Amino acid sequence: MTIKAFSKQLLAWYQVYHRKLPWRETNNAYFIWVSEIILQQTRVEQGLGYYKRFLSHFPDVQSLADASEDEVLHVWQGLGYYSRARNMQFAARQVVHDFQGMIPETYEGLMRLKGVGSYTAAAIASIAFGVPCAVLDGNVYRFLARYFGIADATDTSKGKTVFETLANKILPKAEPGAFNQAMMEFGALVCTPLKPACETCIFLSTCYAYKHDLVQQLPVKIKKVQVRKRFLNFLVYQDANGMTILEKRTGKDIWHGLYQFPLIESATDDFELEATHHQVFVSAPQIHQLTHQTLIARFGHIYTEKLPEKQNTVVLSIEQLKEFPLPRLISRYIETHSELFPGY
DNA sequence: AAGCCGGGGAT
DNA sequence: ATCCCAGGCTT
């Protein structure tokens, strides 16, 4: 099949089968930008609610630039990869201060924004501004690898160059936005990772991987993540007035910028609380699985007359816990142990 | 080039 | 358990 016929068929397929999503109903570059950041490493179904919530809180670049980091992270709470939220707010301030409030309309200009890499720059440029540059995401890598029979690894710089060259070669310069979205949508709905719908695929007769029975072998990826265990022991202080303590995470680690109960991390699962307080007990271990870490968390509850004075901490009531951005592990624990958090 | 960053859903 | 998701930043 010729390249022209390929793109024509794909665009026709997209017109019929694409999902109706709010960021496809607009030309507003800010809306499209928000959607692309949220959808990094995130499924459409998970990101959709956050997209609406984020825009209701921050309807334009200026409102995002004016917000506090805590506000932005609070809206982002539970979505993960929190640097996306911090970087996007930084970038909103870049737009206000360095671009006169106008989102740059070129690939190079967009690449200057914090949190906007090659994928997101190509996506915004093509979808919002009609710039002819191809996007490369997990869907596109998979579809291209199978249809054209590309065995180069998608997670090496050499392989990326191969796919990038191919993607830009087949990109119809007249409608890059629709084509890019069609490539991703096809990967998400038809050429899926585990059980692709080959039998009903419109490209069945010309697909290299199908013809050579390589669908399960492509795309090729090399790196595999190593999962390490961590033992997190959170101290839930409560005084007679229902006040407690949170501390803000700041290091180069998970949950940067979020709040947590004061933490004692240990190398082994042997956490105990000394009975020097009026009343203490430790929860059962709470297992929280991240992509690259298995967290084994215990919550030590300490009922005391006087809260300890620690650095970098906030004293707040139990009710106010919902006003702070918390890791999912902690918000879930509070929600499932509401009897321990009166007033939440 | 390699390591790190969340959370959820499908299998 | 394992994989993957409209990836990007830091070192």
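On a predicted model such as this, the values are computed, not experimentally measured, just so you know. The sequence lines fix the lettering, A, B, ..., with proteins before strands; numbering per chain opens at 1.
Within the 4.0 Å cut-off from OP1 or OP2 of C:dG7, not a single side-chain nitrogen or oxygen of A:Q40 is found. The side chain of A:K252 places no N or O atom within less than 4.0 Å of a non-bridging phosphate oxygen (OP1 or OP2) of C:dC9. Put simply, A:T120 has a side-chain N or O that comes within less than 4.0 Å of OP1 or OP2 on C:dG8. A:R43 has no side-chain polar atom (N or O) that falls below the 4.0 Å cut-off from OP1 or OP2 of C:dC4. Between A:H288 and the phosphate of B:dG6, there is no side-chain N or O to OP1/OP2 separation shorter than 4.0 Å. A:Y82 has a side-chain polar atom (N or O) that falls below the 4.0 Å cut-off from OP1 or OP2 of B:dG7.
Note on A:L79: a base of the nucleic acid sits closer than 4.0 angstrom, heavy atoms only. Across all strands, A:W76 comes closer than 4.0 Å to no nucleic acid atom at all (heavy-atom distances). Using a 4.0 Å heavy-atom distance criterion, A:H256 is classed as making no nucleic acid contact. No engagement by A:N180 is indicated, since no non-hydrogen atom pair under 4.0 Å with the nucleic acid exists. When heavy atoms are screened at a 4.0 angstrom cut-off, A:G187 is found touching no nucleic acid atom at all. Residue A:S118 is in sugar-phosphate contact alone, with no base atom involved, counting any heavy-atom pair closer than 4.0 Å across all strands shown. Across all strands shown, A:R332 has heavy atoms under 4.0 Å from sugar-phosphate atoms exclusively, and none from any base. A:Q293 comes within 4.0 angstrom of the backbone, heavy atoms only, and of no base.
In terms of modelled atom types and a separation under 3.5 Å, the side chain of A:H337 and the main chain of A:S283 share no donor-acceptor contact.
Comment: A:R230 does not engage A:D269 in a salt bridge, judged by the lack of any side-chain N to carboxylate O separation of less than 4.0 angstrom. Taking the charged nitrogens against the carboxylate oxygens, A:E69 and A:K248 do have a contact shorter than 4.0 Å, which makes a salt bridge. Classification of A:K160 and A:D152 as a salt-bridged pair fails, no side-chain N sitting under 4.0 Å from a carboxylate O.
The side chain of A:K195 lies closest to B:dT11, out of B:dT11, C:dC5, B:dG7.
In terms of position on DNA chain B, the residue among A:L194 and A:L295 whose nearest nucleotide sits closer to the 5' end is A:L295. Comparing A:L113 and A:E45, the nucleotide of DNA chain C nearest to each residue sits closer to the 5' end for A:E45.
Under 3.5 Å, the side chains of A:N168 and A:E164 contain no donor-acceptor pair of N or O atoms.
Between C:dC9 and B:dG8, the distance separating the two C1' atoms is 23 Å to the nearest Å.
Donor-acceptor pairing under 3.5 Å, judged by distance alone, is present between the side chain of A:T291 and the base of B:dG6. For a distance-only test at 3.5 Å, the side chain of A:Y119 fails to qualify as a donor-acceptor partner of the base of C:dG7. Put simply, the side chain of A:R24 and the base of C:dA6 share a donor and an acceptor less than 3.5 Å apart.
The interatomic distance linking A:I254 (CD1) with B:dC5 (C1') rounds to 9 Å, in whole Å.
With ring centers used as reference points, A:F148 lies 6.0 Å or more from A:Y208.
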